[in-house]
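All remarks here apply to the structure that follows.
This chain uses plain numbering: 1 for the first residue, then up along the sequence. Each ligand, and each atom within it, is numbered from 1 in the order the structure gives.
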Amino acid sequence: MTDMLPPLTPMPLDILLGRVANEWESRQRIFDLMKARVFRNGDGPDLSTEFLGRPIATPLGPAAGPHSQLAENIVLGYMAGARIFELKTVQILDELEIARPCIDAQTIGYNIEWSQELLVPQSLEEYVKAWMMIDILKKWEPTAELLGPVPGPHVFDMSVGYDLDGIRSKKVTGFINGLKDASRHIDALRPSIPEPFAKYRDMAFSNTISDTVTLSTFHGCPPDEIERITKYLLNECELDVIVKLNPTLLGENKVREILHDQLGYTDLRLIPQSFVDDLQFDRAVELISELRGFAEGLGRKFGIKLTNTMIVENHKQWMPEEQMYMSGPPLHALAISLLGELTKAMPKVLAVGNEGGDTQVSFSAGITKMNIADSVGLGLSPTTLCTDLLKPGGYGRIAPMLKQLVKDMDTVGAASLPDLIAQRSAAATEAGHESSITAHIADIFDPTVGEYYQAEFQAKLPKAIDNELQMWGCVACNFCVTVCPNDAVTRIATIDSLKDEIDGRQQYFILSELCNECGNCMTFCPELGDPAIVKPRLVTTQEKFDNTDGQVFLLERSDGDLSVTAKPGFEEHVGRLSALLKSDQGLPIRLDTIPSDAP
Ligand SMILES: Cc1cc2nc3c(=O)[nH]c(=O)nc-3n(C[C@H](O)[C@H](O)[C@H](O)COP(=O)(O)O)c2cc1C
Ligand code: SF4
Ligand code: SF4
């Protein structure tokens, strides 16, 4: 990893749409997503549900995190079947220096990120671009055909944190208002819609991109502050609100018992102070009741989300912070246990299982293909995820997850999600459980049925081979392409004229402006080395070229052709690189959208 902070540089709308058209023509892929991994809604049982009263066609989508940060990430999620997007958290401190690497999804999930890496106005523009691109791709013939006749409605849910003063600031207020009425931003972007999409420049995009918010209550956020912020968002911002809760609500003893004694994650070291600083269970119950009533009085909607990540000591020391945030399968066990405790403490309040309550419970904790039907079948809705999308397959894991849900619904003859929920409740009662929630808890902690949640099962490391990664050639497993949340890795088939010179069927390149050196591709690359640093790094601006060390190559448009410039010491690679970038598959970015070298 380099010492320099590599900020993300979002790509303008014309480059992004140009890339869609170019990739489709040259590779039949959309942002590297294969045709076969585009989800076609409506071919089976009805997967629709609602989010704070707004319809969504599937109950799945990215949770606030690396997959809901850049416009192309959100579009990728949509193509793969996501219809709910918890946008990456925006807060007043938008020039945070996040240490790198910041993601470790090698076994379960750990990270040291905590909000958008972009400036607040940049975040707003990313979300507006994503919103427009989704509407365009629903109409554009090649993608419309893949998505099918009923792609169905989707929701962008904004996420803000972490204190009232920050949320009230001009900067964050501008962001919230900008998503509630994006007409000005949409109109400003219309002229940059390039061919072959120019016919959509006058399209009637909905100006309300988001009028719901999930409040990210980060570790240590005082309960009174949570209450004040939620009331402010409901009352003054006129948003429907979900409050995202932390697993520390279970208390230190219960968390320790679950992680250490029941699941065997004895290497996870809890931080006693975090349980003292965070919201306490009894206060949370009071708060939920107070906020439900408050929202109802205003005619607004209120719900909760289980859960944010679990803060633990950084025992691995792979990422450079003292603490880290744990996610994935063990978090699923904590979040479902918390759901069990909350339903006991607040009977008939939550809209889950056969409780009969009306408070929506949105969910993000270790959702995977193997537990999506279990989770949605409890009434948890919608379900969002981060960790599983960081594994090989990436966004391409969403469609198989939805197909698994369809299969599980077909198996029990459920025609809709309410049918599945009723069926799961009835089956749980029949099997002698109090509810479908207690039945799922029993399964998770049964070492045979719930083996997947056990530390031993999750300890398996990604495959490794004893070979130093080189700039050219590798085993071409494609993992770096799919695990990258930003679609910053692209590949080009090795051309015949280079087959004797370089190894490998495919060559891999980093679109450096989109790479924030999160470390995820290094984790999964079976060879020894970091693809984000070792593979040729392509940049399109002189400034980025000047500020990046190593094997970085500047791409420019020169007299209608692609020109490639190398840093001193790397000139010998320019000929080979140019030949690959100009080959039939070639650079996914369109030449006419790359800056010209003319002064
Ligand atoms: C790399 C990473 C970054 C995240 N960033 C945020 C964030 O900005 N805001 C937030 O509320 N949650 C954030 N989360 C938490 C997720 O939204 C989610 O609640 C959590 O990871 C549990 O889901 P999972 O087990 O599917 O990962 C982040 C998680 C990861 C892994
Ligand atoms: S290329 Fe690798 S390091 Fe860069 S953003 Fe993608 S996964 Fe992270
Ligand atoms: S760089 Fe590593 S992860 Fe990427 S294709 Fe090559 S071997 Fe696989």
Side-chain angles (χ1 to χ4, degrees), residues 1 6 8 62-70 86-91 98 100-105 108-117 159-162 214-218 244-247 305-310 324-332 334-335 362-368 383-390 392 394 462-463 465 467 469-471 473-491 504-512 514-535 537:
M1 293 279 148
L8 287 170
H67 303 92
S68 56
Q69 164 150 267
L70 292 174
E86 187 195 3
L87 303 172
K88 178 94 172 154
T89 306
V90 160
Q91 59 145 335
I98 294 170
R100 317 285 167 171
C102 54
I103 296 179
D104 172 5
I108 54 174
Y110 302 105
N111 80 89
I112 54 169
E113 287 187 11
W114 53 302
S115 57
Q116 260 286 12
E117 287 165 59
S159 166
V160 296
Y162 293 100
T214 293
L215 172 65
S216 190
T217 63
F218 211 56
K244 193 169 186 179
L245 298 169
N246 292 322
K305 180 158 193 167
L306 304 179
T307 65
N308 214 319
T309 44
M310 177 75 213
M324 57 185 179
Y325 307 113
M326 183 274 280
S327 57
L331 188 68
H332 186 85
L334 292 178
S362 167
F363 193 78
S364 64
I367 290 292
T368 64
T383 49
T384 59
L385 73 165
C386 262
T387 305
D388 199 62
L389 301 183
L390 293 166
K463 280 202 179 83
I465 53 172
N467 190 36
L469 187 67
Q470 304 294 327
M471 195 196 302
C474 61
V475 294
C477 64
N478 219 35
F479 285 175
C480 51
V481 175
T482 60
V483 302
C484 177
N486 299 335
D487 192 27
V489 189
T490 193
R491 63 176 198 177
R505 300 171 277 124
Q506 306 279 343
Q507 303 303 323
Y508 291 82
F509 307 87
I510 308 300
L511 301 172
S512 211
L514 303 180
C515 170
N516 59 356
E517 295 187 9
C518 72
N520 204 36
C521 56
M522 175 163 52
T523 301
F524 288 99
C525 178
E527 300 202 14
L528 303 170
D530 181 356
I533 300 297
V534 176
K535 293 295 175 187
R537 285 186 283 163

Criterion side-chain contact (heavy atoms from CB on, under 4.5 Å) on Tyr162 and Ser216, from CA distance to verdict: CA-CA 7 Å; Tyr162 293 100; Ser216 190; 3.6 Å; yes

Stepwise side-chain contact (heavy atoms from CB on, under 4.5 Å) check, Leu469 with Asp530: CA-CA 8 Å; Leu469 187 67; Asp530 181 356; over 6 Å; no

Audit row: Leu390, His67, side-chain contact (heavy atoms from CB on, under 4.5 Å) steps and yes/no: CA-CA 9 Å; Leu390 293 166; His67 303 92; 3.6 Å; yes

Pair Lys305-Leu215, side-chain contact (heavy atoms from CB on, under 4.5 Å): steps then yes or no: CA-CA 9 Å; Lys305 180 158 193 167; Leu215 172 65; over 6 Å; no

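In terms of protein heavy-atom proximity, atom 4 (Fe) of ligand 3 is closest to Cys480 SG, 2.3 Å. Considering only non-hydrogen protein atoms, atom 2 (Fe) of ligand 3 sits nearest to Cys525 SG, 2.3 Å. In this structure, the protein non-hydrogen atom closest to atom 11 (O) of ligand 1 is Ser216 OG, 2.7 Å. Shortest contact from atom 31 (C) of ligand 1 to any protein heavy atom: Asn111 ND2, 3.4 Å. Scanning the protein heavy atoms around atom 5 (S) of ligand 3, the nearest turns out to be Asn478 N, 3.3 Å. Closest to atom 15 (C) of ligand 1 among all protein heavy atoms lies Asn308 OD1, 3.5 Å. Scanning the protein for heavy atoms near atom 7 (S) of ligand 3, the closest one is Val475 CG2, 3.5 Å.
Compare Cys484, Pro531, Ser512 by their heavy atoms: the one nearest to atom 6 (Fe) of ligand 2 is in Cys484. Selection from Cys477, Pro526, Cys521 by nearest heavy atom to atom 8 (Fe) of ligand 3 gives Cys477. Looking at Pro66, Ala365, Ser364, Ala64 and measuring to atom 19 (O) of ligand 1, the nearest heavy atom belongs to Ser364.
Atoms of ligand 2 found under 4.0 Å from any heavy atom of Val489, numbered from 1 in the order shown, are 1 (S). Atoms of ligand 1 lying under 4.0 Å from at least one heavy atom of Thr387, given by number and element, are 24 (P), 25 (O), 26 (O), 27 (O). Each of the following atoms of ligand 1 lies closer than 4.0 Å to a heavy atom of Leu331: 22 (C). Numbered from 1 in the order shown, with element, the atoms of ligand 1 that lie under 4.0 Å from a heavy atom of Gly328 read 25 (O). Those atoms of ligand 1 that come under 4.0 Å of a heavy atom in Thr89, given as number and element, are 7 (C), 8 (O), 9 (N), 10 (C), 11 (O). Near Asn516, meaning under 4.0 Å from one of its heavy atoms, ligand 2 places the atoms 5 (S). Near Leu469, with a cut-off below 4.0 Å to any heavy atom, the atoms of ligand 3 are 1 (S). When each atom of ligand 1 is checked for a heavy atom of Cys386 under 4.0 Å away, the hits are 16 (C), 21 (O), 24 (P), 26 (O), 27 (O), 29 (C), 30 (C), 31 (C). Per-residue contacts place Gly65 under 4.0 angstrom from the following atoms of ligand 1 (heavy atoms of the residue considered): 3 (C), 4 (C), 5 (N). Near Tyr508, meaning under 4.0 Å from one of its heavy atoms, ligand 3 places the atoms 5 (S). Those atoms of ligand 3 that come under 4.0 Å of a heavy atom in Ala476, given as number and element, are 5 (S). Within the listing of ligand 2, atoms 5 (S) sit less than 4.0 angstrom from a heavy atom of Asn486. Within ligand 3, the atoms closer than 4.0 Å to a non-hydrogen atom of Cys474 are 1 (S), 5 (S), 6 (Fe), 7 (S), numbered from 1 in the order shown. For ligand 2, the atoms closer than 4.0 angstrom to any heavy atom of Gly519 are 3 (S), 8 (Fe). Which parts of ligand 1 touch Ser327 is read off a 4.0 Å heavy-atom cut-off, strictly below it: atoms 21 (O), 25 (O), 27 (O).
At least one N/O-N/O distance between Gly366 and ligand 1 falls below 3.5 Å. An N or O contact shorter than 3.5 Å is missing between Leu385 and ligand 1 by distance. The shortest N/O to N/O separation between Glu113 and ligand 1 does not fall below 3.5 Å. The N/O atoms of Thr307, backbone and side chain alike, include one that comes under 3.5 Å of an N/O atom in ligand 1. Taking any N or O of Lys244, backbone or side chain, at least one lies under 3.5 Å from an N or O belonging to ligand 1. Ligand 1 has a nitrogen or oxygen under 3.5 angstrom from a nitrogen or oxygen of Lys88. At under 3.5 Å, not a single nitrogen or oxygen of Thr309, backbone or side chain, sits near a nitrogen or oxygen of ligand 1.
With hydrogens and angles ignored, the 3.5 Å screen pairs a side-chain donor or acceptor of Ser364 with a backbone N or O of Thr307. Counting only distance, with no hydrogens or angles, the side chain of Lys535 and the backbone of Gln470 share a donor-acceptor pair below 3.5 Å. At distances below 3.5 Å, at least one donor-acceptor pair connects side-chain atoms of Gln507 with backbone N or O atoms of Gly473. Judged by distance alone, the side chain of Arg505 and the main-chain N or O of Ala476 form a donor-acceptor pair under 3.5 Å. A donor-acceptor pair under 3.5 Å links the side-chain atoms of Glu527 to the main chain of Val475, judged by distance alone. A donor-acceptor pair under 3.5 Å is absent between the side-chain atoms of Glu86 and the main chain of Ala63, judged by distance alone. No donor-acceptor pair closer than 3.5 Å links the side chain of Asp388 to the backbone N or O of Thr368. The backbone N or O of Met310 sits nowhere less than 3.5 Å from a side-chain atom of Ser327 that would complete a donor-acceptor pair. Here the side chain of Gln69 pairs a donor or acceptor atom with the backbone of Glu117 at under 3.5 angstrom. With Asn520 contributing its side chain and Val483 its backbone, the two residues share a donor-acceptor pair below 3.5 Å.
For Lys535, the heavy-atom gap to ligand 3 drops under 4.0 angstrom.
Between the CZ atom of Arg100 and the CD atom of Glu517 there is a distance of 7.5 Å, given to the nearest 0.5 Å. Leu385 CG to His332 NE2: the interatomic distance, rounded to the nearest 0.5 Å, is 12.0 Å. The distance from the CG atom of Leu306 to the OG1 atom of Thr383 is 12.5 Å, given to the nearest 0.5 Å. Note: Phe524 CZ to Cys484 SG = 12.5 Å, rounded to the nearest 0.5 Å.
A donor and an acceptor atom, one from each side chain of Lys244 and Ser159, are nowhere located under 3.5 Å apart.
With a 4.0 Å heavy-atom cut-off, ligand 3 is reached by no atom of Arg491.
Taking 2.8 Å as the threshold, Cys515 does not count as a candidate ligand of atom 6 (Fe) of ligand 2, since none of its N, O or S atoms lies below it.
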